[in-house]
Enquirer: 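Quick one: the structure is below, questions incoming.
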Amino acid sequence: MPRRNKAESITVDEVVKRLDYLHMNEMANRLKELDESGELVSCTPLDIVNDLATSQEIATSNNIVARYKKQAKFYYPFADLADVIPKAERHINIPLVERLESGEYIKNGRNILIISETGGGKTFFGCAFGNRACEQQYKVRYFNMIDFLDECRAAQDKGKYVKFLRKTANMNLIILDDFMLTSIDQKDAEYLYRLFNSQPRKSTERSFIICSQLKKEGMYEKLSLVSPALADAIMNRVVSRAYELTIEGPSMREVDIPEELKKMRGEKTK
């Protein structure tokens, strides 16, 4: 690029074009906003650089979060802890939910067990915690347990099981829904053991969220039918230092959720 003569002035449009060329679109848009509002002339050079960098940083962060949420493949993509309906009969431990929302459990390598009857909301909670983790820029992967085992078998048949396991193990948060809902065989138990016993990269923090209709004893009993040794090994890794969130009450499928959310937020209902 030829050197610019000191007497020549640089126009905002020129800088905007250069930023667009470098794919710094948010910085370009923000520079145009500052110029059009008249704020540009009153800002110091350092203030301008900081403002533009902040706008680009926010956009980059939002793009990362959107990509992580898409890659997670949540059953409920828009599940949000703000939409939890704390009806008394559900006996939800709200202080625990608020504590887990911070994501500290991932930093500390702790798991979450979410237990409820069919329709109780365990899948919603699992996806909501997963969405929150994505917003904190953790990599998350959601599986229904049956689908996870199917993917393991398919990868094994194609000779790609090790690659699949390695990719999954390096997630920061792995959600297994409907855990032990169906019977499994020896090979399935081995797949589960390898997942829970897998080692992520040294720099990767990793936790599991297990959603199930069964309590810990029920999970163990089903696993023991296949292999008592594997049952001990799996359950030790699942429940050790795990937070437990039990949801009671009637099925949420029988509840008018939009109406309940309006009531919760103090909105007018028809």
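The figures here come from the full heavy-atom set of this structure, side chains too, leaving out hydrogens, waters and symmetry mates.
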Enquirer: Between Ile94 and Phe125, is there shared hydrophobic-cluster membership here, with clusters defined by ILVMFWY side-chain heavy atoms closer than 4.5 Å?
Expert: yes
Enquirer: List the residues meeting side-chain contact (heavy atoms from CB on, under 4.5 Å) with Arg99, not counting sequence neighbours, and say none if there are none.
Expert: Tyr243
Enquirer: Say you draw a straight line from CG of Leu173 to CZ of Phe208; how long is it, rounded to the nearest 0.5 Å?
Expert: 9.0 Å
Enquirer: Is there a side-chain contact between Val12 and Val16 in this structure, where contact means two heavy atoms from C-beta onward sitting under 4.5 Å apart?
Expert: yes
Enquirer: Treat each ILVMFWY residue as a node, draw an edge where side-chain heavy atoms are under 4.5 Å apart, and state whether Ile10 and Met24 are in one component.
Expert: yes
Enquirer: Return the CZ to CG distance between Phe74 and Asn131, rounded to the nearest 0.5 Å.
Expert: 4.5 Å
Enquirer: So which heavy atom on Pro228 is nearest to which on Ser224, and how close?
Expert: CD-O, 3.6 Å
Enquirer: Do the side chains of Leu100 and Leu81 get nearer than 4.5 Å, heavy atoms only?
Expert: no
Enquirer: Decide whether Leu34 and Leu46 are clustered together by the hydrophobic rule: side chain heavy atoms of Ile, Leu, Val, Met, Phe, Trp, Tyr closer than 4.5 Å, transitively.
Expert: no
Enquirer: What pairs with Glu117 under side-chain contact (heavy atoms from CB on, under 4.5 Å), at least two apart in sequence or on another chain?
Expert: none
Enquirer: Please assess Arg194 against Cys152 for the test side chain to side chain contact (heavy atoms under 4.5 Å, CB included), listing each intermediate value before the final yes or no.
Expert: CA-CA 11 Å; Arg194 287 173 183 171; Cys152 287; over 6 Å; no
Enquirer: With a 4.5 Å limit on heavy-atom distance, are the side chains of Leu214 and Tyr220 in contact?
Expert: no
Enquirer: Does Asp20 form a side chain to side chain contact (heavy atoms under 4.5 Å, CB included) with Asn25? I'd like the steps, not just the answer.
Expert: CA-CA 5 Å; Asp20 280 331; Asn25 308 99; 3.5 Å; yes
Enquirer: Suppose clustering is done on Ile, Leu, Val, Met, Phe, Trp and Tyr with side-chain heavy atoms closer than 4.5 Å. Which residues sit in the same group as Phe78?
Expert: none
Enquirer: Kindly state each residue pair satisfying side-chain hydrogen bond (donor to acceptor under 3.5 Å, both in side chains) with at least one member in residues 27-39, sequence neighbours excluded.
Expert: Arg30-Glu33, Arg30-Asp51, Ser37-Glu39
Enquirer: Excluding sequence neighbours, so at least two apart, what forms side-chain hydrogen bond (donor to acceptor under 3.5 Å, both in side chains) with Thr54?
Expert: none
Enquirer: For residues 33-54, which residue pairs pass the ring-ring contact (aromatic ring centres under 6.0 Å, His included) check, not counting sequence neighbours?
Expert: none
Enquirer: Compare every heavy atom of Val140 with every heavy atom of Cys134, then report the nearest pair and how far apart it is.
Expert: SG-CG2, 3.8 Å
Enquirer: Using only atom types and a distance under 3.5 Å, with no angle test, would you say the side chain of Asn170 pairs donor to acceptor with the backbone of Arg201?
Expert: yes
Enquirer: What pairs with Thr246 under side-chain hydrogen bond (donor to acceptor under 3.5 Å, both in side chains), at least two apart in sequence or on another chain?
Expert: none
Enquirer: Considering only distance and modelled atom types, tabulate donor-acceptor pairs under 3.5 Å from the side chains of residues 160-167, sequence neighbours left out.
Expert:
none

Enquirer: Can you give me the closest heavy-atom contact between Ile175 and Gly126, atom names plus distance?
Expert: CD1-O, 3.3 Å
Enquirer: State the CD1-CE distance between Ile210 and Met145, to the nearest 0.5 angstrom.
Expert: 9.5 Å
Enquirer: Check for me, please, whether Ile115 and Leu223 land in the same ILVMFWY cluster - side-chain distances under 4.5 Å, paths through other members count.
Expert: yes
Enquirer: Would you say Ser212's side chain and Phe179's backbone share a donor-acceptor pair under 3.5 angstrom?
Expert: yes
Enquirer: Residues in side-chain contact (heavy atoms from CB on, under 4.5 Å) with Arg237, at least two apart?
Expert: Tyr193, Phe196, Asn197, Ala233
Enquirer: Looking only at heavy atoms, which two atoms of Ala59 and Glu26 are closest? And how far apart?
Expert: CB-CG, 2.9 Å
Enquirer: Please report the closest heavy-atom contact between Asn108 and Arg241, naming both atoms and the distance.
Expert: O-NH1, 3.5 Å
Enquirer: If hydrophobic clusters are built from ILVMFWY residues whose side chains come within less than 4.5 Å, do Val49 and Val41 share one?
Expert: no
Enquirer: Partners of Thr118 by side-chain contact (heavy atoms from CB on, under 4.5 Å), sequence neighbours excluded?
Expert: Gln213, Arg253
Enquirer: Quick one: side-chain hydrogen bond (donor to acceptor under 3.5 Å, both in side chains) pairs with a partner in residues 172-186, sequence neighbours left out?
Expert: Thr123-Asp177, Tyr142-Asp177, Asn144-Asp178, Gln186-Glu190
Enquirer: State, yes or no, whether a side-chain contact exists between Arg153 and Leu149 at a heavy-atom distance under 4.5 Å.
Expert: yes
Enquirer: Side-chain contact test, heavy atoms from C-beta onward, threshold under 4.5 Å: evaluate it for Glu89 versus Glu248 and give yes or no.
Expert: no
Enquirer: So do the side chains of Glu14 and Lys17 get within less than 4.5 Å of each other, counting heavy atoms only?
Expert: no
Enquirer: For the residue pair Tyr138 and Ser207, establish whether any side-chain heavy-atom pair is separated by less than 4.5 Å.
Expert: no
Enquirer: Nearest 0.5 Å, please: how far is CD1 in Ile146 from CD1 in Ile184?
Expert: 11.0 Å
Enquirer: Could you walk me through whether Leu31 and Leu40 satisfy the side chain to side chain contact (heavy atoms under 4.5 Å, CB included) test, starting with their C-alpha distance in whole Å, then the side-chain angles of each, then the deciding distance to 0.1 Å, before giving a yes or no?
Expert: CA-CA 8 Å; Leu31 182 59; Leu40 195 60; 3.9 Å; yes
Enquirer: Where is the tightest heavy-atom contact between His23 and Gln56, given as atom of each residue plus distance?
Expert: O-NE2, 4.4 Å
Enquirer: Tell me if the NZ atom of Lys69 is crowded by more than 12 foreign heavy atoms within 6.0 Å.
Expert: yes
Enquirer: Would you list the pairs meeting side-chain hydrogen bond (donor to acceptor under 3.5 Å, both in side chains) in which at least one residue belongs to residues 57-68, sequence neighbours left out?
Expert: Ser61-Gln137
Enquirer: Nearest 0.5 angstrom please: Ile174 CD1 to Phe143 CZ, how far?
Expert: 7.0 Å
Enquirer: Is Glu104 salt-bridged to Arg110, cutoff N-O under 4.0 Å?
Expert: no
Enquirer: Measuring from atom CE of Met180 to atom CE of Met219, what distance do you get when rounded to the nearest 0.5 angstrom?
Expert: 9.5 Å
Enquirer: Determine whether a donor-acceptor pair (N or O, by modelled atom type, separation under 3.5 Å) exists between the side chain of Lys222 and the backbone of Leu181.
Expert: yes
Enquirer: Side-chain contact, heavy-atom cut-off 4.5 Å: Ile106 with Phe129?
Expert: no
